[in-house]
Amino acid sequence: MELLLAIITGLLYAAGIYMIMRRSIVKLILGIVLLGNGVNLLIFLLGRITKGEPPIISDSDKILEGIFADPIPQALILTAIVISFGLQSFAIILVKRAYKVLKTDDLDQLNTTDEDS
Amino acid sequence: MLEAVLVGFIFAILLVFVGRWFRGPIAVVSALIPIGLFVYFLWHIGGISAGDVIYESYRWIPSFGVNLSFKLDGLSLLFSLMITGVGSLVFLYTAAYLKGHKYLDRFYGYLSLFMAAMLGLVLSDNLISMFVFWELTSISSFFLIGFNNDSKASRQSALVALGITGLGGLLLLGGALLLGFISGTYEISEMLTQSDVITQHPYYALAAILMFGAAFTKSAQFPFHFWLPGAMKAPTPVSTYLHSATMVKAGVYLLFRFSPVLGQTELWHTTLISIGAITMLYSAIHIIFRTDLKGILAYSTISALGILVFLIGIGTEAALIAASVFIVVHALYKASLFLITGIIDHETGTRDITKLTGLRKVLLPVAIAGFIAALISGGVPPSIGFVGKDLIYEATLHSNNAVLLTVLAIATNALLFYGGFVAGVKPFMGQLPKKFEKIHLPSPLMWLPPLIMVTAGIIFGIAPGLVETTFAQPIVNVMFTSAEDVHLKLWHGFNLVLGLSALTLAVGTILYFLLKPTHQKETFISQFNFIAPKDLTLKLSDGFEWFGHIWTGYFQNGYLRHYLSIVVGFIILLLGYLLLFDFDLDIDYASLARITVYEIAIVLMMVIAIIFTVFTKSRLAAVAAMGVVGFAFSLFFLFYSAPDLAMTQFSVDTLTVILFVLVLYKLPTYLKLTNDKIRIKHGILSLSLGGLITILILKVLNEPKNTEITDFYAENAYKLAHGKNIVNVILVDFRGIDTMIEISVLVVAALGVFGLLKLRLKTKDKK
């Protein structure tokens, strides 16, 4: 399974970067989302994957023993997901505003600060 | 001594606040500072010539070996007296020269900043603090050259000077660090004891070359000399003070100071003699082709600096005595000539030597000063210049290459004789043109200083013992551990040196009567400007500018995809290069057999959704496909023991899709903006990066995993934090503050979203 997931991570990176390189801002945001997913998956994989053993201490125990999924990548990814949500929602609204004012979503026409060009 | 250095800085800072008072006639009071310092150093003469060395040290950054240590010995005393002595006269002179100038206070501020920095430079015994003062002199020189800041030529010359001397400063820093590394100390007096270690060190040549670079740029040696004629754009007091008497001698001082440390090697002698000789002759010849008085003086200054470097290069005791006397000689006559030029410029409004004649009739005291200055410069007895020139021949005659060096010295001296007479005598001879008849003698503040200096030149000439005991002997004592006694005399009897001296005077006189400075000559020489170091350097700097333009235009062109392509391309090259040498993937294909059906389903779902997101032509479909990727992720997290992640991913993804869809109908439809060629190029770049990431992951997965931190949480989550869901415990307890900050970030984002939405409502209302 790791092999397949590694390939998917690579695919997410490729798709994300490709989308970010497009000229439309909407695609740019989609690209960032895809890339973000790729990074999350990367972190998750580096913590090794474990099936069906969540890092939760059973009622009777006081410490976690035996085989269990690594909680650290999970904590990291949880933070990452939430933060990227903040980024995405802000970006989406910003794009909408920018389009309303500038009447374009072509990045090539947004690379100057002069109002009249 | 620290106080002596600081007083100039303090005055400069004070002027920032009380400068208004110093713009009027009271400005002349500021001359009390250099005069006071001059007296202070005069007072030390007795002790120093008796062999004392005064040393003071203050700890600055002891851990780096950087101290504010000052040493007053024969060499630094000579320079200190020159700095404060010429400084006093220049301060007085300026009061009349720039009378009523609206930035007079600023000028005095720069001057005293410079004076303090220059004193610090020659008194420092620590190379690093010397470097700091060295740079301060360059900076104050920059401000003084560009003092007429509304003139473009002034600003440009100031920049060129700063560029060249700043380059020298960097070289000095490099040399200082290297010498510090070799000898383990930055104290110059401690380096002196390690001269053998330093000259035999493998890095000796590099250190010496760095120090040469610093000295040559500061002291305007070929091929860095061209900033000095440009620096003549500064008001004349500045040219007098910085660019003939003191600052340009800092490089000479550096060579002097370091000749006991770095000298007496083949490299030292060869470099200094050849560069000095080229400089002194090259710029002496240039004197013939100049018609601007200050231009003549600038080139003769460069030539004199060349002589000094040349003498230090010869390095014998006779040569160093000659150099130290010549420093005094040059300061006296060149500063006077500059001040005289300033008076002429101030009164007639021109410095063109072809237009200036007969001024003795209106400016008699100035003419007298000019005549005596020319005598000193030409080395006519009984002036100190005669003694100085004799000593130079004495030094060249006893060097290894006596004939060649003596011939060079004679040629240079004859041309300097010519230059001195053109600048000091020619403007006062002949008929007085009508337009100059109404000229009056300016304030004594202007003509007394040059007169004082040339009088000193004659007194020293008649009684050379004064120079001998105060400067020459103490300096030689600094340079050589077992120095012989120095005996300066005006009259040596009839010998070869006297013959050479007479020859110099004869050639110089012939030159003066044969060669007339004309504009034709100036035009003639300017044809060769394209091979002069100045033009070549300016072309080089234009080239840099052009290159910078192209470079920035290519790498910073404002297109996100371009930046990204470069970053990604670079990563690919770097990683690809590494992987090329270390490509052994150990893939466990057997594990593929254990994959279950639902896992394959998720993987397929993800792959299809990703491809669909990228290639669909509909925005809505793209957003939906992206949603599918997210939900597939939730499922995946669920299978692989991360229920919290699954929950979060699920809700966040839902929200994102909803937000997108809400906004989407306001946005334009997809347009095909780029052509296929670029798409393919980007596709190849992205896929290469993706492939590399995959390979990297597979390689990392083969490495053993460190579980130390994981084990800590597994053990302590319940014991310390009383939580059983370890992921939650990490987030809200162990890393609670991080989570709080994260929440604040979200709040800020939410406020931003809210603000942007509100903004929309308002504009709508207006419509």
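Naming: A, B, ... by sequence-line order, numbering from 1 per chain. Every value quoted in this text rests on a predicted model; they were computed, and no experiment measured them.
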Where on [X] is there a heavy atom nearer than 4.5 Å to chain B: the side chain, the backbone, both, or neither?
{"X": "A/Val82", "result": "both"}
{"X": "A/Tyr18", "result": "both"}
{"X": "A/Leu4", "result": "side chain"}
{"X": "A/Ser58", "result": "backbone"}
{"X": "A/Leu34", "result": "side chain"}

B/Tyr563, OH: over 12 other non-hydrogen atoms inside 6.0 angstrom: yes
Please say whether more than 12 non-hydrogen atoms of neighbouring residues, nucleotides or ligands are located less than 6.0 Å from CZ in B/Phe570. no
Picking from B/Leu689, B/Thr656, B/Leu687, which has the most non-hydrogen pairs under 4.5 angstrom with chain A? B/Thr656
Considering only heavy atoms and a distance below 4.5 Å, find which of [options] pairs most often with chain B.
{"options": "A/Ala75, A/Ser84, A/Pro73", "result": "A/Ala75"}
{"options": "A/Ile57, A/Ile63, A/Asn40, A/Ile20", "result": "A/Ile57"}
{"options": "A/Ile29, A/Leu28, A/Leu64", "result": "A/Leu64"}
{"options": "A/Ile25, A/Leu76, A/Asp59", "result": "A/Asp59"}
{"options": "A/Tyr99, A/Phe68, A/Phe90", "result": "A/Tyr99"}
{"options": "A/Met19, A/Glu2, A/Arg48, A/Glu65", "result": "A/Arg48"}

Side chain to side chain contact (heavy atoms under 4.5 Å, CB included) assessment of B/Leu659 paired with A/Gln88: CA-CA 9 Å; B/Leu659 204 58; A/Gln88 285 154 26; over 6 Å; no
Looking at every heavy atom in both A/Met21 and B/Leu685, which two are closest together, and how far apart are they? CE-CD1, 4.1 Å
What is the minimum heavy-atom distance between B/Leu698 and A/Ala6, and which atoms define it? CD2-CB, 3.8 Å
With distance as the sole test, does [X] use its side chain to make a donor-acceptor pair with the main-chain N or O of [Y] at under 3.5 Å?
{"X": "B/Ser686", "Y": "A/Ala15", "value": "no"}
{"X": "A/Lys96", "Y": "B/Leu757", "value": "no"}
{"X": "A/Gln74", "Y": "B/Ser641", "value": "yes"}
{"X": "A/Lys51", "Y": "B/Phe639", "value": "no"}

So what's closer than 4.5 Å to chain A heavy atoms on [X]: side chain, backbone, both or neither?
{"X": "B/Ile730", "result": "side chain"}
{"X": "B/Ile709", "result": "both"}
{"X": "B/Ser565", "result": "both"}

Using the side chain to side chain contact (heavy atoms under 4.5 Å, CB included) rule, take B/Val663 and A/Ile93 through it: C-alpha gap first, then chi angles, then the decisive distance, then the call. CA-CA 7 Å; B/Val663 170; A/Ile93 300 295; 4.2 Å; yes
In this structure, is the centre-to-centre distance between the rings of B/Tyr640 and A/Phe44 below 6.0 Å? no
Let's go through B/Val614 and A/Lys27 carefully: what are the C-alpha distance in whole Å and the side-chain angles of both, what is the deciding distance for side chain to side chain contact (heavy atoms under 4.5 Å, CB included) to 0.1 Å, and is it a yes or a no? CA-CA 8 Å; B/Val614 174; A/Lys27 288 194 178 179; over 6 Å; no
